[in-house]
Every structure is written in C-alpha cells, then in structure tokens.
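Notes follow once the structure below has been shown.
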Amino acid sequence: MAAFSSNYSLGKFLVILIGISSHLNSISAARNLNPKTNREFIRSSCSSTIYPQLCYSSLYIHATKINASPELLANAALNVTLLSAKSTSKSMLKLSHRHGMKPREVGAMQDCVEVLSDAVYELSNSINEMGKAKGSNFQLMINNIQTWVSAAMTDETTCTEGFSGQMMNGKLKTNVRRQIVKIAHLTSNALSLVNNYATLHGY
C-alpha cells in the first residue's frame, strides 16, 4: 500500500513537472513567435495605406511595443511622423539661413519653416489626443486627431507648393521637396492607421 502511495505521488509529481515544462516551452515559443507575428500585423495593417512600403519600414522596428494593437500602431505612426517633422523642420530652418538664395527662395523657405512649425504643433496635439483613448468620448477623440493630422498634411502641401515655380534653384527645390514629401507620406499613412483604429470601434 505504501509502495502504491509512493508511486502515485511520484506519478502526480511527474505530471505536474511535465505541465510546468510544457507551460515554460509555450512561453518560450510565444516569445520567439511574437516578434514575427507583430511584424506581420504591421505589414498587414500597412497594406491599407497609400504608401505601404514606407509605412512598414518606418514602423517594424517598433513591433515589440506595438504588439499587434491597432491603437499602439496608430500611436507609433503618429510619433514616427512627429519625429520626422521635427527633424525636417530643423533642416529647413538651417537651409533658410543659407547665403546666395534669391528673394523668392528666401520667402519660400521662411513660409516652409512656418508651416512646418504648425505641422509639428498639430501632430503633437494629435498624439496628446491619443492619450485620451480610454476616455468616455471616443468619437470626439478620433475627430480631433483626424482634424489635427489633416491640418498637418495641408501645411506640408503648402510648403512643397512654395517651391513649384521654375524660377527656383533646382537643387534646393529637389532637396526641400524630397524631405517634405517623405513627411507628407508618413502623415498620410498615420491618418490611415488612425482611421483603421476608429473603424474597429465602429466609427
């Protein structure tokens, strides 16, 4: 009888041990799978944007933080866009002080610096609004974000339009448009991901 009890206890212990081992293996597997799964989530979500390749390349490094969450994905897209806008704004400010530019080029640069500053402000506001995602009025939050991000896109377009004339220095125009177009595309993608997030909530 004692032998039976001993064998029963040993068997029970082995079952528990196997269960623990299986659980640990599943956690380990999940950790190995999550980065790939999260990146696939980003790729799939980005496929609905106008610039999917740029969307994915700008966001996949944040896959672990995003963790297949539409809310975190939209938030990450807004933050990436804001960082790019800030960097470009500084670059445009530096260019605006360059010597040898024509009066029209100086004016266009100054206008661009001004509207990019507005875009940075508007993108910052949109991120602050995302912080209210758990608030009671989800629709108002989304409307505010859409308004801010759309305004930023308008400002970015205004900057590029200032360099559309043929009298502009070709190299300067190309440099400015290349940087602004990238921000505009990032902003467009961010807005699409915000819209996707809203759609999942029935808005």
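Keep in mind that what you see is a predicted model, and the values were worked out from it rather than measured.
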Any side-chain heavy-atom pair of H185 and V181 under 4.5 Å: yes

Which atom pair, heavy atoms only, marks the closest approach of M109 to S96? CE-N, 3.7 Å

Quick check against the 3.5 Å criterion: does S44 have a side-chain atom that pairs as donor or acceptor with the backbone of E40? no

Closest approach of I66 and L59, non-hydrogen atoms and distance? CD1-O, 3.9 Å

Going from CD on E161 to CG on D111, what distance comes out if it is rounded to the nearest 0.5 angstrom? 11.5 Å

Test side-chain contact (heavy atoms from CB on, under 4.5 Å) on L123 and V120 and set out the steps. CA-CA 5 Å; L123 289 167; V120 167; 5.9 Å; no

Which value, rounded to the nearest 0.5 Å, describes the distance between Q53 atom CD and S47 atom OG? 13.5 Å

Rounded to the nearest 0.5 Å, the SG atom of C46 sits from the CG atom of L73 at a distance of 6.0 Å

Would S45 and N196 count as a side chain to side chain donor-acceptor pair (under 3.5 Å) if you check the C-alpha gap in whole Å, the side-chain angles of each, and the deciding distance to 0.1 Å? CA-CA 8 Å; S45 300; N196 289 348; 6.0 Å; no

Taking the side chain as every heavy atom from C-beta outward, state whether E156 and V115 have any pair of such atoms under 4.5 Å apart. no

May I ask you to test the C159-D155 pair for a side-chain heavy-atom distance under 4.5 Å? no

Sub-4.5 Å side-chain heavy-atom contact between L93 and S89: no

Please examine the side chains of F41 and P70, heavy atoms only from C-beta on, and report whether any two atoms are closer than 4.5 Å. yes

Could you give me the CA-CA distance, side-chain angles and deciding distance for V149 and L78, then say whether side-chain contact (heavy atoms from CB on, under 4.5 Å) is met? CA-CA 9 Å; V149 178; L78 289 172; 3.7 Å; yes

Between the side chains of E71 and N75, is a donor N or O closer than 3.5 angstrom to an acceptor N or O? no

Is a side-chain N or O of T88 found less than 3.5 angstrom from the main chain of A85, in a donor-acceptor match? no

L82 vs S124 side-chain heavy atoms within contact, under 4.5 Å: yes

Interatomic distance, I127 atom CD1 to I145 atom CD1 [nearest 0.5 angstrom]: 9.5 Å

Please report the shortest heavy-atom distance between S58 and V80, naming the atom on each side. O-CG2, 3.7 Å

Can a side-chain donor-acceptor contact be found between T64 and N38 if the only test is distance below 3.5 angstrom? no

Donor-acceptor check, side chain of T158 to backbone of T154, threshold 3.5 angstrom: yes or no? yes

Measure the spacing between CD1 of I183 and OG1 of T157 and express it to the nearest 0.5 Å. 11.5 Å

To the nearest 0.5 Å, tell me how far K65 NZ sits from N79 CG. 9.5 Å

Backbone N/O of K102 and side chain of E105: donor-acceptor pair under 3.5 Å: yes

Minimum heavy-atom separation for S57 to L54, with atom names? OG-O, 3.1 Å

Closest non-hydrogen contact found for M141 with E129 is CG-O, 3.1 Å

Would a hydrophobic clustering, with Ile, Leu, Val, Met, Phe, Trp and Tyr connected at side-chain separations under 4.5 Å, put V106 with V176? yes

To check you understand the geometry: which heavy-atom pair defines the closest contact between M153 and T187, and what is its length? CG-CG2, 3.2 Å

Flag this pair as yes if the NZ/CZ of R43 is under 6.0 angstrom from the six-membered ring centre of Y56 and inside a 45 degree cone about the axis; otherwise no. yes

So for atom OH, which belongs to Y51, do other residues, nucleotides or ligands contribute more than 12 heavy atoms lying within a distance under 6.0 Å? yes

What is the ring orientation for F138 with Y197, classed by angle as parallel under 30°, tilted 30 to 60°, or perpendicular over 60°? perpendicular

With side chains defined as the heavy atoms from C-beta onward, is the minimum distance between L193 and C55 less than 4.5 Å? yes

Stepwise side-chain contact (heavy atoms from CB on, under 4.5 Å) test for Q146 and I142: CA-CA 6 Å; Q146 291 169 332; I142 290 296; 3.6 Å; yes

Indicate yes or no: at least one non-hydrogen side-chain atom of I180 is less than 4.5 angstrom from one of L116. yes

